[in-house]
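This report concerns only the one structure given below.
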Amino acid sequence: AKQPLSKNDTIRLRKRHVGESCKLFFRSNPIKIVRAKGQYMYDEEGRKYLDCINNVAHVGHCDETVVEASARQMATLNTNNRFLHDNLVLCAKKLTSTFPESLSVCFFVNSGSEANDLALRIARAYTHNEDVICLEDAYHGHLSSIIDISPYKYRKLDKFPKKDWVHIAPLPYVYRGKHRDVETAGEKYAQEVDKLIAEATENGRRIAAFISESLPSCAGQIMLPENYLKNVYRSVRAAGGVCIADEVQTGFGRVGKHWWAFQLQDVVPDIVTIGKPMGNGHPVSAVITTNEIAQSLLSIGMEYFNTFGGNPVSCAAALAVIEVVERDKLMEHADQVGTYLLEELNKLKERYPLIGDVRGIGLFIGIELVTDRASRTPAAPQAQHIITRFKEEKILVSADGVDRNVLKLKPPMVFSFEDAKHFLTILDEILSEIEDLESDLEEVSVTATINTNSSQRIAAVN
Ligand code: PMP
């Protein structure tokens with residue numbers, strides 16, 4: 001269909017009227033997407049892209065069941081949650097049925113940032129403490145309260161000092177972090193949190209919460225070492241704090257074997273925050289907690305109201321997403337396709353030294369690129385180059401981690417075996433091109449060539 005604006009006009013108007021700190025993906029030659037279906041996106045010329053990025057379009061872009069349920073509700077009624085409505089309670093019932101029994105109460109909000117902000121308020125109301133422990137390179141959202149616990153965004157800025165109430169624990173990053181022995185990493189990284197708690201307590205501070213993603217994503221698709229959360233949760237609770245699991249990226253069955261990634265660590269958080277995939281693109285998020293903790297917000301006398309949170313349309317969309325995940329057995333599918341991808345990526349790792357580490361579970365995968373396997377030096381320009389080459393091949397992939405050297409796969413859950421095979425074939429081709437380039441040129445000029453090719457930094461997708 002004809003678009004209201006030419007691509008150049010879209011770019012021109014965006015430059016004039018949209019804040020420049022909202023970065024575009026592929027800044028030098030951005031893509032204008034006009035429609036999408038399943039795991040594919042289409043630009044204004046009708047070119048089809050395989051989407052390996054959009055974990056938001058969880059059950060597939062423009063899924064019919066979700067679209068129909070939301071459109072039907074939009075045409076019937078949409079209003080705030082101060083009126084009784086069946087969608088709200090049915091959504092809360094269905095959603096909490098996917099959690100361990102104690103997590104039975106929901107607060108509906110409109111974004112992951114809002115969910116994390118509310119989680120902090122609840123944690124503070126419950127514990128009467130203020131301080132928060134987060135992980136190095138974590139990202140939890142863009143609100144003023146939440147950016148303070150998102151070192152991913154500020155760690156390289158001089159003018160953004162860490163607040164006194166924030167304590168940053170080392171990222172439990174077995175491949176490139178401070179403790180690299182798989183056997184002991186869980187305990188060692190948890191002891192780092194113990195140290196932080198001890199220091200904070202000595203300085204008269206009190207811990208309200210520990211917050212972490214169950215698989216840190218922006219930090220570089222990190223798999224938490226075994227027993228990490230078990231140990232940390234025990235220490236945080238002993239210090240009077242509660243444990244928050246941010247499942248905004250990792251939830252809703254993405255990891256295949258479980259609905260929620262914290263289940264991989266065999267723990268039950270006190271508060272869970274969810275978002276992104278929840279409405280398959282419709283803005284709906286939530287905080288899930290225990291009845292006792294939820295009561296604490298009430299007990300401080302603070303009423304909670306959110307104009308859009310839990311409106312009938314959002315709840316219709318969220319309910320439909322859960323139903324489609326179940327009906328189409330998307331968790332089993334993610335498990336199978338993810339396992340295949342990981343196996344094949346590990347084979348590529350055998351052949352290409354640029355791949356330092358392959359990790360992940362289900363359809364949450366990271367491919368860490370290094371220039372040298374011994375030093376594990378991040379290969380950021382190579383990652384950017386690969387993403388640019390993927391774009392030429394009509395495959396959308398992003399890179400993340402603080403050094404932007406981890407290729408990230410978080411496609412819609414309908415990503416098929418054929419898509420996986422296609423992705424792997426192209427990756428193989430690109431890696432072999434890079435090797436050819438390397439054998440033709442000196443190492444320094446390889447990086448220079450790649451730097452020029454990848455035109456400019458590609459914005460992170462978080
Ligand atoms: N938590 C995590 C782990 C996220 O990745 C994000 C968004 N990238 C957020 C919270 C914030 O969500 P939103 O952008 O919906 O506010």
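What's counted below: heavy atoms across the whole structure, side chains too, no hydrogens, waters or symmetry copies. Both counts, for ligands and for their atoms, begin at 1 and track the order of listing.
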* Numbered atoms of ligand 1 (with element) below 4.0 Å of His142, judged on heavy atoms -> 16 (O)
* Option among Lys163, Arg124, Lys162, Arg205 that satisfies the salt bridge (charged side-chain N to carboxylate O under 4.0 Å, His left out) test with Asp131 -> Arg205
* To do: Examine distances only and state if a side-chain atom of Glu136 and a backbone atom of Pro172 form a donor-acceptor pair shorter than 3.5 Å.
  => no
* Can you measure from NZ (Lys153) to NE2 (His142) and round to the nearest 0.5 angstrom? => 10.5 Å
* To do: Only heavy atoms count here, so choose which of Ser285, Gly112, Ala138 is nearest to atom 13 (P) of ligand 1.
  => Gly112
* To do: Salt-bridge test for Asp43 and Lys32: reply yes if a basic N is under 4.0 Å from a carboxylate O, no otherwise.
  => no
* State if Glu114 counts as touching ligand 1 under the rule of any non-hydrogen atom under 4.0 Å. => no
* Using distance alone, determine whether Asp246 and ligand 1 share an N or O pair under 3.5 Å. => yes
* For ligand 1, which part of His140 has a heavy atom less than 4.0 Å away: the side chain, the backbone, both, or neither? -> backbone
* Structure fact -> So the atoms of ligand 1 within less than 4.0 Å of a heavy atom of Gly141 turn out to be 11 (C)
* With a cut-off of 4.0 Å, which atoms of ligand 1 are near a heavy atom of Ser111? -> 15 (O), 16 (O)
* Asked: What part of Asn116 sits under 4.0 Å from ligand 1 if we count only heavy atoms: the side chain, the backbone, both or neither?
  -> side chain
* Asked: With a cut-off of 4.0 Å, which atoms of ligand 1 are near a heavy atom of Glu213?
  -> 3 (C)
* To do: Step through it carefully: locate the ring centre of Phe423, locate the ring centre of Phe390, and say whether they are under 6.0 Å apart.
  => yes
* **Summary of salt bridge (Lys or Arg N to Asp or Glu O under 4.0 Å) pairs that have at least one residue in residues 302-311, sequence neighbours excluded** => Arg82-Glu303
* Asked: For ligand 1, which atoms sit closer than 4.0 Å to a heavy atom of Val248?
  -> 1 (N), 2 (C), 4 (C), 6 (C), 9 (C), 10 (C)
* To do: Establish, from distance only, whether the side-chain atoms of Asp419 and Gln39 form a donor-acceptor pair under 3.5 Å.
  => yes
